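Here the structure is laid out as structure tokens; the discussion comes afterwards.
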Amino acid sequence: MSEAALGSDQAVPQRSAWSRLRPHLTGWAFAAPFVAIFAIFLAGPILASLVLSFTGFNIGNLQDWFSAEWVGLENYSDAFGDEKFRRAAQNTAVFVLFGVPLTLALGLAAAVGLNQALGRAQGFFRVGYYLPVVTSIVAIAVIWRYLLHPEWGLVNAGLAQVGLDGPNWLARTDTALGSIIALGVWRNFGFDMVIFLAALQGIDRTLYEAARVDGAGPWTIFRRITLPLLKPAVLFLAVITSSGYLQLFEEPFVMTGGGPLNSTLSVSMLVYEEGFRFVNFGYASAIAYILFVVIAALAFLQFRLLRSDQP
Amino acid sequence: MSTLDTARLAPAPLPVDTKKRPRGALAGRWWLYVLLLLGLLAVVGPFLWMFLASIKSQEELLRAPPTWVPESPSLSNYDRLFDRLDFPRYFWNSTFIAGMITLANLVFCSMVGYALAKLRFAGRDKIFLLVLGTLLVPGAVTLVPLFVLMSKLNLVDTPWAVILPVAAGPLGVFLMRQFMQEIPDDLLEAARVDGAGEVRIFTRIVIPLSVPALAALGIVTFLPAWNALLWPLVVLTGEENYTLPVALAIFARGQFQADYGLLMAGSVVLVVPVIIVFLLLQRRFTQSVAHTGLKG
């Protein structure tokens, strides 16, 4: 595609230095506002965060940045020795490990179901299922905290109807994280559903017909034709959903504050607390960088795993 | 798709056949619709609950078992929100911040998108690679350096601290570049031959042709800007600068922890503008999501 653009450009004869320079200047002029914002507020801070993570930067260094003390790898070794960080890392890993497959599975199930539904009904359900995806997680977390309330909440009232005694979901160490996983799946499966639905509708129907003629049942067709063809969608959603879930913050921040006993504390929450409650900027940067590396590594791994074994 | 095409090409009897099929399919699949409806109830139910709870009295909210339909509906929770608390102000802050972010992204991302898609210049491909490389960077990484930078620039506790860092997001650049690549080069070349400058070509040809992409960009920018919590929570320290999510999160954790009427009304105020926009543009929403997703 860049070849085509090149060809059309070279058709114009170039004479002076100005006319040779001109297209570059025009290009950079159009790119300039973005490049400036990108360099100052994204690329710069990403690098600065790495540097900060090797220092003991705190509130005293805000005016004179270079007065911060260089501590080498101390922040990192502190983090791996910190009981709280290990707990946060473990909680976040559990959230991703259960949340991502569940979200993808429910999204796929909903997409397959909707794909069978007729036109108008399909649009109706799609809008409904997508609704939580567009709404604020803060609002959703506030609503669900009320729904999960042990005495006044709708969930336990519903359980009581069928004779079950619901626990105090968010106040128990054995149910709090599970509740937050369920909430994440509930909120996000609509996104996966829309992507899967678009992918399903892009599959050539003659493939199904040919398989049916060959005597394949619906389950075989799903496993042998549909699933392999959905691989690009699965890859995309696995990467997007994992990187989103690894950044878990709003739900525990609003619903549990990380408790009880740090059982819902996430890595992003710890970055926030260390950075802005205890003002350990260097330490917070180190934790954030560990999270960054894990997100990048996981995305890379998913690409390798899902790309390599093509059918 | 392909069956439809063949049906259209085939002689008369076939279309009648395809029309009959759905009705039989519907009858045989009633359980599918029951399942889909139950799922819908589980998804939409909590929002319905939020609306109903927001017009209940405090006494009714703390009753076991809970009631669905409010006994004596009143707007007193909203009164408290708007009179005793500063929610009109938070609403305005949110609108201003999300509006400015969206506007800035529409302008800057379409400019750089055009440059990356249609102009030849040194460093172009490097810019695009950098854009792709930062798509997955978590917000937590830039949190601390951004705060340090903003305090140096004296922008802490101003809306600009929230607006500037996301005024031209990599996702928007990616989206606009992909879309603008589809614009035929001949069209731009013809304008160049006629003596039009790049600015004129951009504003008169490229932008009008990119309206669908701009709509998608507007949607995918406005939503996260309206809903954002982490960075605004860090950098907006004064109560008069809170956005709606910040205010709601802080009240939900602090002094109004058990004041569910107030919290539900606050959630309604935060959620309803988004729901209205979503319902108006829902086709565009899901399509733009599917497009950006599958092209990437």
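Computed over heavy atoms, backbone and side chain alike; hydrogens, waters and symmetry mates excluded. Just so it is clear, the model here is predicted, and its values are computed rather than measured. Letters A, B, ... mirror the listed sequences (proteins, then strands); counts begin at 1.
- Both the backbone and the side chain of B/Leu263 come within contact range of chain A, judged by heavy atoms closer than 4.5 Å.
- Contact of B/Ala53 with chain A is made through the side chain alone, with heavy-atom distances under 4.5 Å.
- Side-chain contact between B/Ile219 and B/Phe278 is absent, with no heavy atoms from C-beta onward closer than 4.5 Å.
- When side chains are defined from C-beta on, B/Val268 counts as touching B/Phe51, because their heavy atoms get closer than 4.5 Å.
- Contacts of A/Val271 with chain B are made by side-chain atoms alone, with heavy-atom separations under 4.5 Å and no backbone atom involved.
- Contact tally against chain A (heavy-atom pairs below 4.5 Å) for B/Leu35, B/Leu130, B/Val44: the top residue is B/Leu130.
- Contact annotation for B/Glu60: neither backbone nor side-chain heavy atoms come within less than 4.5 Å of a heavy atom of chain A.
- Only the side chain of A/Leu147 comes within contact range of chain B, with at least one heavy atom under 4.5 Å from a heavy atom of that chain.
- Looking at B/Trp68, the atoms closer than 4.5 Å to chain A (heavy atoms on both sides) all sit in the side chain, from C-beta outward.
- A/Phe196 places none of its side-chain heavy atoms less than 4.5 Å from the side chain of A/Asn115.
- Under the 30°/60° scheme for interplanar angles, the aromatic rings of B/Phe202 and B/Tyr114 are found to be tilted.
- For B/Val173, the part sitting under 4.5 Å from any heavy atom of chain A is the side chain, from C-beta outward, and nothing else.
- For the set B/Ala228, B/Ala252, B/Pro65, the count of heavy-atom pairs under 4.5 angstrom toward chain A peaks at B/Ala252.
- Here A/Ser49 is the residue among A/Ala48, A/Ala31, A/Ser49 with the most heavy-atom pairs under 4.5 Å with chain B.
- Contact count versus chain A (heavy atoms, under 4.5 Å) is highest, among B/Leu270, B/Val166, B/Leu229, B/Thr142, for B/Leu229.
- Comparing A/Tyr272, A/Trp28, A/Phe281 by heavy-atom pairs within less than 4.5 Å of chain B, the highest count is held by A/Trp28.
- Looking at A/Ile37, the atoms closer than 4.5 Å to chain B (heavy atoms on both sides) all sit in the side chain, from C-beta outward.
- With a 4.5 Å cut-off on non-hydrogen atoms, A/Ala296 does not touch chain B at all.
- Among A/Met255, A/Glu151, A/Glu250, the residue making the largest number of heavy-atom pairs under 4.5 Å with chain B is A/Glu250.
- With respect to the salt-bridge test (charged N to carboxylate O, under 4.0 angstrom), the residues B/Glu59 and B/Arg63 qualify.
- Note on B/Arg192 versus B/Glu198: salt bridge recorded, some NZ/NE/NH1/NH2 to OD/OE distance being below 4.0 Å.
- Heavy atoms of A/Phe276 lying under 4.5 Å from chain B belong exclusively to its side chain.
- A/Trp186 places none of its side-chain heavy atoms less than 4.5 Å from the side chain of A/Leu106.
- A/Tyr146 touches chain B through backbone and side chain together, each having a heavy atom under 4.5 Å away.
- For B/Leu244, no part lies under 4.5 angstrom from a heavy atom of chain A.
- Looking at B/Leu116, neither its backbone nor its side chain comes within 4.5 Å of chain A, counting heavy atoms on both sides.
- Using a 4.5 Å heavy-atom cutoff, the side chains of B/Asn227 and A/Thr135 are not in contact.
- The two residues A/Gly27 and B/Leu119 come nearest to each other via the heavy atoms CA-CD1, 3.9 Å.
- Side-chain contact between B/Arg253 and A/Val254: absent, with no pair of heavy atoms (C-beta onward) separated by less than 4.5 Å.
- Proximity of A/Arg145 to B/Gln257: side-chain heavy atoms (C-beta onward) are separated by under 4.5 Å at one or more points.
- Heavy atoms of A/Ser243 lying under 4.5 Å from chain B belong exclusively to its side chain.
- Judged by the 6.0 Å distance and 45° axis criteria, B/Lys56 is positioned over the aromatic ring of B/Trp49.
- Interface remark: A/Leu62 contributes backbone and side-chain atoms alike to the contact with chain B (heavy atom separation under 4.5 Å).
- Comparing B/Ala140, B/Gly266, B/Gly169, B/Gly197 by heavy-atom pairs within less than 4.5 Å of chain A, the highest count is held by B/Ala140.
- The distance from atom CZ of A/Phe30 to atom OG1 of A/Thr26, rounded to the nearest 0.5 Å, is 7.5 Å.
- Options A/Phe41, A/Phe38, A/Phe124 differ in how many heavy-atom pairs under 4.5 Å they form with chain B, and the most are formed by A/Phe41.
- Under the 4.5 Å side-chain criterion, counting only non-hydrogen atoms from C-beta, A/Phe249 is not in contact with A/Val267.
- Among all heavy-atom pairs drawn from A/Ser242 and A/Gln302, the shortest one is OG-NE2, 2.9 Å.
- Listed options B/Leu36, B/Leu136, B/Leu146, B/Val144 were ranked by heavy-atom pairs under 4.5 angstrom with chain A; first place goes to B/Leu36.
- By the ring pair (Phe, Tyr, Trp, His ring centres under 6.0 Å) test, A/Phe125 pairs with no residue at all, sequence neighbours left out.
- Annotation: maximal heavy-atom pairing with chain A below 4.5 Å, among B/Pro66, B/Pro138, B/Pro165, occurs at B/Pro138.
- Interface remark: B/Leu32 contributes side-chain atoms only to the contact with chain A (heavy atom separation under 4.5 Å).
- The most heavy-atom pairs under 4.5 Å with chain B, out of A/Ile40, A/Ile295, A/Ile46, come from A/Ile46.
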